[in-house]
Amino acid sequence: MYDYEDDEDDVFGPPPSVTANSHSNVEFANELNADQLAAVTAEDGPALVLAGAGSGKTRTLTYRVAFLLQNGVSPEAILLLTFTNKASKQMLQRVEELTGVGAHKFLGGTFHHVGGQVLRLFGDSIGLAKSFTILDDGDSDSLLNEVIRDLDPDFFKAKENPKAKPIKGLISFARNIDASFEEVAKGRYPSNTELCAKIDSFSRVYQQTKLDRGLADYDDLLVYWLEVMENNREAAEYYQQRFSHVLVDEYQDVNSLQARIVDKIASNHQVMAVGDDAQCIYTWRGADLDQIMSFPERHPGTKIFKIETNYRSSPEILELANGILKNRAVESSFSKELKASRPHQDLPVLVPTMDTYQQADFVLSKVEQLYDQGVDYDQIAILYRAHFHAMELQIELSRRGMPFVITSGLRFFEQAHVKDLVAQLRFVINPKDRTAFYRFICLLPKVGEKTAAKLLKLSEKQVEESEQNIFQAFADPKVVLKVPADAKEDWVSVAETLQNIYSLATSATPAQVVEGAICGWYQDYLRRTYENWPRREEDLESLVDFASKYQNLAEMLSQLVLLSSESGDRVVRDGEKCLRLSTIHQSKGLEYPHVFIIGLADGLFPGKRAIDGESDMEEERRLFYVATTRAEKSLHMIYPMLSSQKGTPVRLMQSRFLKELPEAKYELLNAHSSFGRGYSKSPGWNQYGSRGYGSGYDRRSY
């Protein structure tokens, strides 16, 4: 599993006394609460520290290292494993401030970093040159692409076959969860046994090619590390004897491969794992909840410490968060209850809205209200399950000129797949828009701008000599003949898609046109190019709803391009305070005084795949818990009651996670009862308020 963004806030606990140095002892009892102190001063032996959200996990690990040093343990005998270099540096820097012991004296860092150091010493025992080179992501893609072309020159010519990047993602996932390539491939491509067998052979040759050339990718740093520990007795004994204490951060996120490495190094059970099973939200990329749950079985005599005092959120927010945990499956979780240390605040608020537009209007009206009360924008976060859930919100933010940044990546209209699809629509509306044409046609293999320009010129000539339109000319044999061999099949598919869009544009609604574009060539391109194609398709499908608000395709495109420009070109000035928008996954470890969670409806959160049993519902519940525990003072939970799916209104039910909570845990607000039925607050809004209902809301029950 790859490293993820570091927790930045988890340093809570009683404020430290004057910074200690190498000539003074740390007064642990004065600087830690009772739960933290018990874990920090634990006797040698296996320990599992369950640190609840905002309870001071980082502080506990830091003081544990300081405690070991103060009790005579050499820094060289302590191994600290983290998921980011930032986390490791942060902790070791604090240790140095506490004790005066230099951070350079420890072996610590990410699993990949430490694995690389091990392989420099012992990699040759498994056939890896000590002077091996580490491939970055792009280089490893290129190498796998080379291997596949050598083994099967026609593989990428077949339209149904994926490209190298998603194949590499599949291989990586298999290695990290310690499963066979073919087994994982069958899960991704169940109806294509021939492809699964080929992927298995590709992966084996790819591995051997790297060894032959003295290369290693990120996964090799873990796979070969474990191989060294299992097959080289000298190496295994060296590390087992060197490290009297192994400390592992974020243990709920280890995969089976990482857990096996830890177990092998700590074969004498000299390990302390720190984590929170309630915050395991990365199983989709390999994290294995079973590893933290079975830790006591694998390490007999494990002492379990629970750190439950929360230094972040109000008692009212913690009451709601604890209510979420009470509904978890008992057999797959440890019991835990967060305890409050902060002053009382208002109850969390549940807000049903008519649709996503009113949802956006309510959130931003409330944000403006907070701003008027002296709350800076950067003290407010808006969280969501999936990126496309915030599309209407980003549109409204751009219209109002409110400053915002997206923690989880690009703004909606800046995303490559959105721009690719919009470029096709633009070109159909205006075939002279060469910028749009180059945008999508250069995605074809062996087609650059120079080749694209020649093919476009040839097609335009064909239009002049015949009664064809430009899209029909693309498919003319005279044009196809000049297309690079590797791109011919895609070129014909693009031509068919553009002609279909053109035909729809003359008679169908903008929503139907967008849907036709999504289901054409670009859908095939997404599925064979990106490992995360389902998420990208969801983003594109949300454009159908966007298009349903317009009667004219050209008008829709003008508005969309304008919004894209507004959201993409705006530069945040130094010192400017902006609203924070983020997926919940990317918000883990962060905290904000005021938090809004949007899209809390069944089918959105939890997602449809979880409801249909295709993904883990328990993980969705843990994700909701993570979202609520980001808030310090106020928490608003909002869900739309109507959604437009391919232009058709669909009624949504509030999230089942909300239904599980006692009504006493939150306050219910009516976002739209301030305006009578049929009342329009602003000119141009329809009687049902589909573009919002203004900023008014009251506290009458819904």
Margin query: Ignoring hydrogens, what is the shortest heavy-atom contact between Asp602 and Ser655? Give both atom names and the distance.
Written below: OD1-CA, 3.4 Å
Check: Tyr282 vs His585 aromatic rings, parallel, tilted or perpendicular, using cut-offs 30° and 60°?
Finding: tilted
Next item on the list: Look at the aromatic rings of Phe657 and Phe624 and report parallel, tilted or perpendicular, splitting at 30° and 60°.
Entry: parallel
Next item on the list: Assess whether salt bridge (Lys or Arg N to Asp or Glu O under 4.0 Å) is satisfied between Arg385 and Glu620, documenting all intermediate values.
Entry: CA-CA 9 Å; Arg385 175 66 182 84; Glu620 295 281 300; 2.7 Å; yes
Next item on the list: Can you sort out the partners of Lys105 under side chain to side chain contact (heavy atoms under 4.5 Å, CB included), two or more places apart, ordered by chain and number?
Entry: Pro75, Glu76, Val101
Checklist line | Side-chain donor-acceptor contact under 3.5 Å, Ser172 with Asp219 | finding: yes
Next item on the list: On the 0 to 90° scale, with breaks at 30° and 60°, tag the Tyr63-Phe28 ring pair as parallel, tilted or perpendicular.
Entry: perpendicular
Note to self: Angle between ring planes, Phe243 versus Tyr239, binned at 30° and 60°: parallel, tilted or perpendicular?
What the structure shows: parallel
Check: Going by distance alone, is a donor N or O of one side chain under 3.5 Å from an acceptor N or O of the other, for Ser55 and Asn310?
Finding: no
Note to self: Looking only at side-chain N and O atoms, does Gln379 offer a donor or acceptor that is under 3.5 Å from a partner on Asp376?
What the structure shows: no
Item checked: Distance in Å, Leu68 CG paired with Thr99 OG1, rounded so as to fall on 0.5 Å steps -> 11.0 Å
Note to self: Does anything in residues 292-309 form a salt bridge (charged side-chain N to carboxylate O under 4.0 Å, His left out)? List the pairs, not counting sequence neighbours.
What the structure shows: Glu43-Lys303, Asp263-Arg298, Glu308-Lys339
Check: Should we say atom OH of Tyr371 is surrounded by more than 12 heavy atoms from elsewhere, each under 6.0 Å from it?
Finding: no
Checklist line | Check: Glu316/His344 side-chain N/O donor and acceptor closer than 3.5 Å | finding: yes
Checklist line | Heavy-atom pair with the smallest gap, counting every atom of Ser587 and Arg630 | finding: O-CD, 3.4 Å
Item checked: Partner set under side chain to side chain contact (heavy atoms under 4.5 Å, CB included) for Ala340, not counting sequence neighbours -> Pro315, Leu318
Item checked: Sequence-distant partners of His113, ring pair (Phe, Tyr, Trp, His ring centres under 6.0 Å), two or more places apart -> none
Item checked: Asp277: which of Arg621, Arg622, Arg328 passes salt bridge (Lys or Arg N to Asp or Glu O under 4.0 Å) -> Arg328
Notebook entry, point to check: With sequence neighbours left out, what residues match Asp276 under side chain to side chain contact (heavy atoms under 4.5 Å, CB included)?
Noted result: Ala278, Gln279, Lys336, Tyr625
Check: Listed by chain and number, what are the side chain to side chain contact (heavy atoms under 4.5 Å, CB included) partners of Thr302, not counting sequence neighbours?
Finding: Pro46, Leu48, Phe295, Pro296, His299, Ile304
